[in-house]
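Here the structure is laid out as structure tokens; the discussion comes afterwards.
The first residue in the sequence is number 1, and the count goes up from there.
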Amino acid sequence: MGGTAIVILLALILVALIVLIVLLLGRRSSAPAPAPAVPRDPFAPDDQVAGDPRTLKAGDMVEYLGTRYFVRGSLRLKEGGFTWSEHLLDADTIEGTKVWVSVEEDPDLEVVWWTEHDPGDLTPGEKTVVVDGVEYRRDEHGTADYTSEGTTGVGVQGRVEYVDYEGPRGRYLSFEQYGGGPWEAGLGERVPTGSMTIYPGGGS
């Protein structure tokens with residue numbers, strides 16, 4: 001009888017261990033797996049703080065570095081299958097100086113703040129150009145078709161030749177020639193993510 005009791009006791013212990021192991025494995029497998037991190041576009045349309053630069057249009061308002069500007073007009077440009085936009089801002093706070101903001105995806109979203117620059121003796125044919133002690137290297141040259149919305153200072157539609165230079169730390173220099181007219185120049189700086197706020201204007 002003693003041997004039988006020991007066998008039964010061992011069998012009960014074994015069953016209890018099996019049940020415990022099954023319960024532990026079941027609890028572990030039912031634990032929810034952590035959700036993978038999903039990259040988020042900081043300029044997505046649902047971002048109510050910064051807004052979406054890709055939707056900028058005449059009548060909108062832009063706040064940058066503590067100053068608010070109204071979008072007076074927009075240029076929609078196309079070269080082959082590539083499109084981008086340039087927006088003329090109300091420059092009341094900068095007497096006599098045009099201010100633009102360009103928006104393009106190539107392939108990442110890039111927003112650049114431009115201020116008008118007197119080209120003087122500068123020509124867009126040079127491989128490198130120095131402005132205010134900063135060296136810019138020639139990056140792109142092409143011709144694009146454009147359509148104009150609102151007030152931009154150019155025709156409703158036409159062609160523009162451009163020559164773009166790139167400098168250090170997100171700086172740019174660009175030359176543009178509309179319809180064979182004189183070359184215009186602008187100095188640009190990349191807009192840091194989240195530093196520009198957009199307030200949509202009325203209308204569609």
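Looking at every heavy atom in both residues, Leu75 comes nearest to Ser148 through CD2-CB, 3.7 Å. Tyr64 and Pro192 make their closest contact through OH-CD, 3.9 Å (heavy atoms, listed as atom of the first residue, atom of the second, distance). The heavy-atom pair separating Gly201 from Asp60 by the smallest distance is N-OD1, 2.6 Å. For the pair Ala185 and Pro119, the tightest heavy-atom approach, listed with the atom from each and the gap, is CB-CB, 4.1 Å. Residues Glu86 and Ser102 approach most closely at CG-CB, 4.1 Å, considering heavy atoms.
With sequence neighbours excluded, the residues forming a side chain to side chain contact (heavy atoms under 4.5 Å, CB included) with Arg76 are Lys57, Ser74, Ser85, His87, Thr147, Glu149, listed by chain and number. Residues satisfying the salt bridge (Lys or Arg N to Asp or Glu O under 4.0 Å) test with Glu189, not counting sequence neighbours, are none. Partners of Phe82 under the ring pair (Phe, Tyr, Trp, His ring centres under 6.0 Å) rule, at least two apart in sequence or in another chain, are Trp84.
By the rule that hydrophobic residues join a cluster once side-chain heavy atoms approach within less than 4.5 Å of another member, Val130 and Leu122 end up as members of separate clusters. By the rule that hydrophobic residues join a cluster once side-chain heavy atoms approach within less than 4.5 Å of another member, Ile198 and Leu65 end up as members of one cluster. Leu109 and Val112 sit in two unconnected hydrophobic clusters of ILVMFWY residues. Membership requires side-chain heavy atoms under 4.5 Å apart, directly or through other members. Cluster annotation: Leu77 and Trp100 are assigned to the same hydrophobic cluster (Ile/Leu/Val/Met/Phe/Trp/Tyr, side-chain heavy-atom contacts under 4.5 Å, transitive). Val191 and Val103 fall within a single hydrophobic cluster, where Ile, Leu, Val, Met, Phe, Trp and Tyr side chains are chained together by heavy-atom contacts under 4.5 Å.
Screening residues 155-183 for salt bridge (Lys or Arg N to Asp or Glu O under 4.0 Å) gives Asp145-Arg159 as the qualifying pairs, with residues at least two apart or on separate chains. Applying the ring-ring contact (aromatic ring centres under 6.0 Å, His included) test to pairs two or more places apart or on separate chains, those with a residue in residues 172-191 are Tyr146-Tyr178, Tyr165-Phe175. Pairs passing the salt bridge (Lys or Arg N to Asp or Glu O under 4.0 Å) check and including a residue from residues 125-142, sequence neighbours excluded, read Glu135-Arg137.
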Trp113 and Leu187: CA distance, side-chain angles, deciding distance, side-chain contact (heavy atoms from CB on, under 4.5 Å) verdict:
CA-CA 8 Å; Trp113 191 267; Leu187 294 174; over 6 Å; no
Would Leu173 and Val129 count as a side-chain contact (heavy atoms from CB on, under 4.5 Å) if you check the C-alpha gap in whole Å, the side-chain angles of each, and the deciding distance to 0.1 Å?
CA-CA 9 Å; Leu173 168 66; Val129 175; 3.8 Å; yes
Intermediate values then yes/no, side-chain contact (heavy atoms from CB on, under 4.5 Å), Glu79 and Tyr162
CA-CA 11 Å; Glu79 183 179 14; Tyr162 65 89; 2.4 Å; yes
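Between the CG atom of Asp118 and the CD atom of Glu184 there is a distance of 11.0 Å, given to the nearest 0.5 Å. Taken from CE in Met61 to OH in Tyr69, the straight-line distance is 12.5 Å, to the nearest 0.5 Å.
Defined by atom type and a distance below 3.5 Å, a donor-acceptor pair is missing between the side-chain atoms of Ser174 and Trp114.
Taking 4.5 Å as the limit, some side-chain heavy atom of Glu110 sits within range of a side-chain heavy atom of Arg190. A heavy-atom distance below 4.5 Å is found between the side chains of Leu89 and Val101.
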